[in-house]
Structures are given as structure tokens and as C-alpha cells.
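Encoded as C-alpha cells, the structure appears first; notes follow it.
The shown structure was predicted, so the numbers you read here are calculated from the model rather than taken from an experiment.
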Amino acid sequence: MAFRGWARTWAGGSVSTAVARLNARHPWSHNDWFHGWILANLPEQRRAALDVGCGQGGLVAALAPHFGRVVGNDADPAMAREAAARCRGAANVSVEDGAWTDVRGPFDLVTMVAVLHHLDVPTALAEVRELLAPGGRFLAVGLAQSQSVTDHVWDAASIMTNPAIGFVLHPWPAREGVRPPPYPVQEPTMTYDELHGHVTAAMPGATMRHRLAFRHTIEWTRPS
């Protein structure tokens, strides 16, 4: 996060403000952008899927045609209600609030998009292992603090590509200006390398990669 912090304060913050206004003219969801990555990496067995921290339900709706049963869970009752309304026409979808660890499994897919840094990471990864069926997959998109040179290089690439991606995805300028996100936001406290250590310890063989949009991905298949 150090590079991002410097970028926000450089030149008295004027550059950061200008970039924020440019991004607001061509807005795009950094989280929704990764739904395609998730859909491209679904498990072979597709009986049931769980989206933890489902927010407004976009990923739940995208998963519904691919699974016999899809459960969305969000600790925020308002978000859960919004997701349920969005998926009202899908008979194989249910949306719950409360503790995601209480959801009845097993699941062939567990997803988390910008959720893991809100949780106690070692405990959450252990819970995911228990919820997954043999051969089931954990696909996560997350955020972490930047510390290493590699982290900062990816931050710089994300800053430079963010307006271009926004222009491609939302070519017509929006008039609303800078708007707050519709979901709770929390800055990550764990560095990428620290998180990687927890992931490899809990899920041997997991793949964790830096991505654009200030995100990383985690991919793991529970052994059969």
C-alpha cells in the first residue's frame, strides 16, 4: 500500500484527485471484472457452489446456470436482501445472511471476492477446506498490503491501466462523479507474502498470483 499512499499524496494530492475524477468518468468494478476468471476455472463436478460475501449477488447470478445449487452468503443483511432480489428468478439459488461457516455443505466450489482480508485468514482457510467436497475448488480474488518490489510494480501497473480498462468497459462518460462503493470497504492488514505463507500452509499446492486492479487470485483444488 506504500506506493499507493505515495501516489495519493504526490504533488499535494492533485494528481491523485485528477486520476480519481478520470476513473469516475469511466467507472468499472474491479471485483466484477474477475467473475470471468472464476467462470473459466470452475471444477468438473458442479453440484453446489458457495459465494462467501456475495454482496449484491452478481457472482451468484453468474454461477447459477453452471451448478445444481448455488448459495450466496453475506454477513450484511441489506446486501443479502439485495442479492436475493437480484436472483429471485433462479430456483436453484438461495441467499443467506449470518455466519458463512454455518452454511450446509459440502460444496464443489467456494468463492470469495475481496472478502478474505475481512476475515481471520488461517481460520477462514481451514473452514473452506472443511466445506469443500473432494475435488472441489477454492477460487478467491483478494487484496493485500504491498511491501515487496514485485508488489509495488503490480501497483504501478494497476494505476496506469485502470483508466484504460475503464474506458474500454465504460466508454461513455458517467455524470455522477466520484461515488462511494455500495459495499463495506476495509483496507487489508496482511502483506501479499504473509498471506501467501498462510495459503500454502493451509492449502498445499495452491496457486496465488498478482493481478491488475490491485488484486491477487488464489486457486486450490481439494485432493480427491
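Note that CD of E127 and CG of L132 are 11.5 Å apart. Values are rounded to the nearest 0.5 Å. Distance check: L116 CG to L143 CG gives 10.0 Å after rounding to the nearest 0.5 Å. For the atom pair NE2 (H35) and CG (L39), the distance works out to 8.5 Å, reported to the nearest 0.5 Å. Separating the OG atom in S224 from the CD atom in Q45 is a distance of 10.0 Å, to the nearest 0.5 Å. Taken to the nearest 0.5 Å, the CG atom of D102 stands 9.0 Å off from the CD atom of E96. In this structure, H152 NE2 and S158 OG are separated by 13.0 Å, a value rounded to the nearest 0.5 Å.
Annotation for F34 and L212: closest pair CZ-O, 3.5 Å, computed over non-hydrogen atoms. The minimum heavy-atom distance linking A206 with V199 is given by the pair CB-CG1, 3.6 Å. Across all their heavy atoms, E187 and H117 have their closest contact at C-CD2, 4.1 Å. For the pair S146 and D155, the tightest heavy-atom approach, listed with the atom from each and the gap, is OG-OD2, 2.7 Å. The two atoms that bring R47 and A133 nearest to each other are NH2-CB, 3.7 Å, heavy atoms only. Across all their heavy atoms, C54 and G72 have their closest contact at SG-C, 3.8 Å.
Using cut-offs of 30° and 60° on the angle between ring planes, the pair H216 and Y192 is perpendicular.
Inter-residue side-chain proximity for W37 and E219 is flagged as met; some heavy-atom pair is nearer than 4.5 Å. Counting heavy atoms from C-beta outward, R215 and N31 have side chains that approach closer than 4.5 Å. For the pair I38 and V113, the minimum side-chain heavy-atom distance is below 4.5 Å. Between V93 and V60, the closest side-chain pair of non-hydrogen atoms falls below 4.5 Å. Inter-residue side-chain proximity for R222 and R137 is flagged as unmet; no heavy-atom pair is nearer than 4.5 Å. Counting heavy atoms from C-beta outward, L59 and T111 have side chains that approach closer than 4.5 Å. Within the 4.5 Å cutoff, no side-chain heavy atoms of F138 are placed close to those of T221. Inter-residue side-chain proximity for L42 and F67 is flagged as met; some heavy-atom pair is nearer than 4.5 Å.
For the pair R46 and D108, the salt-bridge criterion is not met [side-chain N within less than 4.0 Å of a carboxylate O].
Between the side chain of D74 and the backbone N or O of G55 there is at least one donor-acceptor pair closer than 3.5 Å. Checking side-chain atoms of N92 against main-chain N and O of A64 turns up a donor-acceptor pair under 3.5 Å.
With hydrophobic clusters built from ILVMFWY side chains whose heavy atoms lie under 4.5 angstrom apart, M112 shares a cluster with V71. Linking Ile, Leu, Val, Met, Phe, Trp and Tyr residues whenever their side-chain heavy atoms come within less than 4.5 Å leaves F214 and I218 in two separate clusters. In this structure, L50 is a member of the same hydrophobic cluster as V128, with clusters built from ILVMFWY side-chain heavy atoms closer than 4.5 Å. Cluster membership check: V110 shares its hydrophobic cluster with V121, using side-chain heavy-atom separations under 4.5 Å among Ile, Leu, Val, Met, Phe, Trp and Tyr. Residues L109 and V70 are members of one and the same hydrophobic cluster, defined by side-chain heavy-atom contacts under 4.5 angstrom among Ile, Leu, Val, Met, Phe, Trp and Tyr.
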Worksheet entry | Worked verdict on M190 versus Q145 for side chain to side chain contact (heavy atoms under 4.5 Å, CB included) | CA-CA 6 Å; M190 191 174 291; Q145 278 200 5; over 6 Å; no
Practice prompt. Carefully, step by step, assess L119 and V115 under the rule side chain to side chain contact (heavy atoms under 4.5 Å, CB included).
Written response: CA-CA 7 Å; L119 309 174; V115 170; 4.0 Å; yes
Fill in: Stepwise side chain to side chain contact (heavy atoms under 4.5 Å, CB included) check, L125 with R129
CA-CA 6 Å; L125 295 176; R129 286 179 61 102; 5.9 Å; no
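There is a side-chain donor-acceptor pair under 3.5 Å between S148 and D151. For T217 and R211, the side-chain atoms include at least one donor-acceptor pair closer than 3.5 Å.
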